[in-house]
2 protein chains.
Amino acid sequence: MMSKKCKYAFKALTHLAKRYPDTHCQTAEIARVENIPRKFLELILLDLKKGGFVNSKQGAGGGYYLVKAPETILLGEIYRLFDGAIALLPCVSLKFYEKCKDCPDEVACGLHRVFLQIRDQTLKLMLQKTVSDIL
Amino acid sequence: MMSKKCKYAFKALTHLAKRYPDTHCQTAEIARVENIPRKFLELILLDLKKGGFVNSKQGAGGGYYLVKAPETILLGEIYRLFDGAIALLPCVSLKFYEKCKDCPDEVACGLHRVFLQIRDQTLKLMLQKTVSDIL
DNA sequence: TATAAATTCTATTAAACAAGTAGGGTATTT
DNA sequence: AAATACCCTACTTGTTTAATAGAATTTATA
């Protein structure tokens, strides 16, 4: 399961994508339309900004807008930003790799082999689908 | 990411599968060989027993053994037993379905559509692979 | 039949994480 | 100057994770 934070991020990006590349939106509007708690959404948009997916303008009449085209924002990138690894085991993760302490030999490990296949498949789709596929 | 509990369950099942259908194993042995905290493993084996995957014999010389053949134990079943839904969103889960409170229309929801595809793909593999594939 | 061996059951714990909430600070427009 | 809207830090409440502890129960066997 993905966190609500991650789901809200997808919804916010989708909302902004509808306006892309013209106007920008305010958090209050996104929160209202997408049914996301406003203050929680602010934190999410801030993370998306740090991640380089959106940018913002402060002050009256300001707001958020997409930096990249919707079809260039991969779902996997967003997932990783909020929920970390896409893989089901740390030892098969590409971006969040960690050795299993209880496993003496990764190469011989059957779990490693099987869950690498599952990761490959999921990863492929997650890095192929973009925000524009949600629209 | 799957929980350690779930990973340990897979390892325990694999350990038992090596002996199948002949002998049974004791938790102490599994714990030692597979590097799993013994008391934690006991809880896991109990859950696997309640789930109908293993059975046990109490008393001296007792232990756990597989009830089903390794090739009939689907990875998805075990995953669900310990970690719940395989899907990334509650609204696309088969066994743990829940409506998203923030979403007015599931049919029109782009997130729903995309993550249903991802679930379908993952589910297929998770219900196709079995414990014998880990061996 | 006593004893040791093994599972079974219930409870507790510390740490991390999830999902927000709160409130003030900073920048910009009007 | 005032209103607007993003920016930042901290806090809270509840749940989950990953164990640990100890006693109860069952069974083989010496």
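Just so it is clear: chains get the letters A, B, ... in the order the sequence lines come, proteins before strands, and each one is counted from 1.
- When rounded to the nearest whole Å, the span between CZ of A:Phe82 and C1' of C:dC17 equals 16 Å.
- A straight line from OH of B:Tyr65 to P of C:dT7 spans 12 Å, rounded to a whole angstrom.
- Between B:Glu29 atom CD and C:dT7 atom C1' there is a gap of 15 Å when expressed in whole angstrom units.
- Ion pairing between a basic and an acidic side chain is recognised when a charged N comes within 4.0 Å of a carboxylate O; B:Glu42 and B:Lys39 show such pairing.
- The interatomic distance linking B:Met1 (CE) with C:dC17 (C1') rounds to 15 Å, in whole Å.
- Under the 4.0 Å criterion applied to side-chain N and carboxylate O atoms, B:Lys7 and B:Glu34 are not assigned as salt-bridge partners.
- Of the residues in residues 33-63 of chain A, those with a non-hydrogen atom less than 4.0 angstrom from any atom of DNA chain C are A:Pro37, A:Lys39, A:Phe40, A:Leu43, A:Lys57, A:Gln58, A:Gly59, A:Ala60.
- For A:Tyr8, no side-chain nitrogen or oxygen approaches OP1 or OP2 of C:dA19 to under 4.0 Å.
- Aromatic ring centres of B:Phe115 and A:Phe10 lie closer together than 6.0 Å.
- Taking atom OH of B:Tyr64 as the reference point, atom C1' of D:dT26 lies 12 Å away to the nearest angstrom.
- For the pair A:Lys4 NZ and D:dT15 P, the computed distance is 13 Å after rounding to whole Å.
- Salt bridge B:Arg113/B:Glu106: absent, no basic N to carboxylate O contact under 4.0 Å.
- The closest side-chain donor-acceptor pair between B:Lys129 and A:Gln117 falls under 3.5 angstrom.
- With respect to the salt-bridge test (charged N to carboxylate O, under 4.0 angstrom), the residues B:Arg80 and B:Glu77 do not qualify.
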